[in-house]
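One structure is given here, and the rest of the page talks about it.
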There are 2 protein chains.
Amino acid sequence: MQRKSFSKMQCPVARGLDRIGEWWSILIVREALHGLTRFDQFEQSLGIAPNMLTRRLAGLVKAGILEKRRYSDRPPRYEYVLTECGRDFQPVIIAMHAWGNRHFAPEGQSVVLVNARTGKPADPVVVDRNSRRPLVDSEFRVAAGPAAVARTRRKMAASAWGIAQNPPLPAKRKSRTPA
Amino acid sequence: MQRKSFSKMQCPVARGLDRIGEWWSILIVREALHGLTRFDQFEQSLGIAPNMLTRRLAGLVKAGILEKRRYSDRPPRYEYVLTECGRDFQPVIIAMHAWGNRHFAPEGQSVVLVNARTGKPADPVVVDRNSRRPLVDSEFRVAAGPAAVARTRRKMAASAWGIAQNPPLPAKRKSRTPA
DNA sequence: CAGTATCCTGTCCGATACTG
DNA sequence: CAGTATCGGACAGGATACTG
């Protein structure tokens, strides 16, 4: 029972972590977003051990983030391409990239995002699609979504949902013995 | 030598993962962004074992993401508050949140971001701060930053830097000749 | 209440060797 | 070339007991 399945949680962040929580998985997806598709491409660019790569790749396929596709028959060959779900992970990568660049680049930013045409560096921010206003905590908060309100009766750790209580934060009874 | 230190890599994503790569760490930061500061708040809202919490908390402090602050002397009491670096992690959380909501919410979105005043749900996107244009791969690409160009002579796996080769995308060769 | 100390299990990950 | 098989170490994570 090593890892409590985060998927049990209602929090979408936890659910996501259940799919790509491992270090390599994220880096593999990053490479895939760069266009890599084949085993040895990942192996070489990441310097990952082949068995680990096999495992992570299989995990990502099972999680629905990558799709394994046979692209050659005579010698059976497969390629790994991102699903829509995998491609949708890009904003997370970009956000992580920006964060890393800002705080963990002692010698300066070694890698930056640039506009493909102008070549001008980009500065990634997360905004609301409609208002285009930055999503900062002062202006936005998390709330129960449609699916949650439909079953508010259920007793759960609200914070684990990603739901911030507006008031202080109630003491959450949580029996340590589920069953 | 269990985990190859990702910090060795020049890739900012890898460096970031070196700091908050563990599952719990991310969830702890998420809770901290919600305003939690004390040990038992984290413990209860996450349902995490106390020793794990101690370890992750210590790790986050060492990574410079949380700061441990004594807020009471008579009974020595500490609180854990986000550093600037930790607060800057919020966009990543938001992006992950959106991703999880989009793809792993079978029964509908249980948690959504809303505008604090209007209550209207927000739809997070990553854009360039200046142009406000969405950062999609068709329009943007990664490139060597200032720190990288200064030592281009060094031989490294380019992709591990997060540097995409300018041409179409190196892996995109659709050559039907596997080997 | 706010943690620390111990012990244990699972598994992430690396290294290496092997196969069609 | 594109992986699979096997081995072993380190540590995340869980359960429990204990302390000021």
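Each chain gets a letter, A, B and so on, in the order its sequence line appears, and its residues count up from 1. These values consider heavy atoms only, across backbone and side chains, with no hydrogens, waters or symmetry-generated copies.
- Geometrically, A:Lys68 engages A:Tyr78 in a cation-pi contact defined by less than 6.0 Å to the ring centre and at most 45° from the axis.
- For B:Thr54, the listed nucleotide lying nearest its side chain is C:dT4; candidates were D:dG14, C:dT4, C:dG20.
- Side-chain proximity of B:Arg38 to the nucleotides D:dG3, C:dG3, C:dA2 is greatest for C:dA2.
- At least one side-chain heavy atom of B:Leu53 sits less than 4.5 Å from a side-chain heavy atom of B:Phe39.
- In this structure, B:Leu57 places its CG atom 15 Å from C1' of D:dA12, rounding to the nearest Å.
- The nearest pair of heavy atoms linking B:Phe42 to B:Ile48 is O-CG2, 4.1 Å.
- A cation-pi arrangement is present between B:Arg19 and A:Phe104 under the rule of less than 6.0 angstrom and at most 45 degrees off the ring axis.
- In this entry the distance linking CD1 of B:Ile26 with C1' of D:dG13 reads 16 Å, nearest Å.
- Rounded to whole Å, atom C1' of D:dA12 lies 15 Å from atom CD1 of B:Ile20.
- Computed from coordinates, the B:Arg77 CZ to D:dT19 C1' distance equals 12 Å when rounded to whole Å.
- What separates CE of A:Met52 from P of D:dA5 is a distance of 15 Å, to the nearest Å.
- Of the candidates C:dC12, D:dA2, D:dG13, C:dC12 carries the atom nearest the A:Arg56 side chain, counting heavy atoms from C-beta on.
- With 3.5 Å as the limit, one finds a donor-acceptor pair spanning the side chains of B:Ser45 and B:Glu31.
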So what's the dot-bracket for DNA chain C: Watson-Crick or G-U pairs under 3.5 Å, [ ] if a pair crosses, | if it pairs off-strand?
-> ||||||||||||||||||||
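- Contact record, B:Arg38 with B:Glu79: CG-CB, 4.4 Å, taken as the closest heavy-atom pair.
- Distance CD1 (A:Ile48) to P (D:dA2): 16 Å, rounded to an integer number of Å.
- In this structure, of C:dA2, D:dG13, D:dA2, it is C:dA2 that holds the atom nearest to the side chain of B:Phe39.
- As judged by a 4.0 angstrom heavy-atom cut-off over every strand, B:Tyr71 is placed among residues touching the sugar-phosphate backbone only.
- Here D:dG3 presents its P atom at 14 Å from CZ of A:Arg69, a figure rounded to the nearest Å.
- Side chain of B:Pro50, nearest nucleotide from D:dA17, D:dG3, C:dG14: D:dA17.
- Spacing between atom CD of A:Glu22 and atom P of D:dA12 amounts to 14 Å, rounded to whole angstrom units.
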Test log, rule side-chain contact (heavy atoms from CB on, under 4.5 Å), inputs A:Arg30 and A:Leu33 | CA-CA 5 Å; A:Arg30 179 171 67 71; A:Leu33 282 166; 5.6 Å; no
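- Counting any heavy atom pair closer than 4.0 Å across all strands shown, A:Arg55 reaches a base atom.
- In terms of phosphate contacts, B:Trp24 brings a side-chain nitrogen or oxygen within less than 4.0 Å of OP1 or OP2 of D:dG14.
- When heavy atoms are screened at a 4.0 angstrom cut-off, A:Tyr80 is found touching the sugar-phosphate backbone but no base atom.
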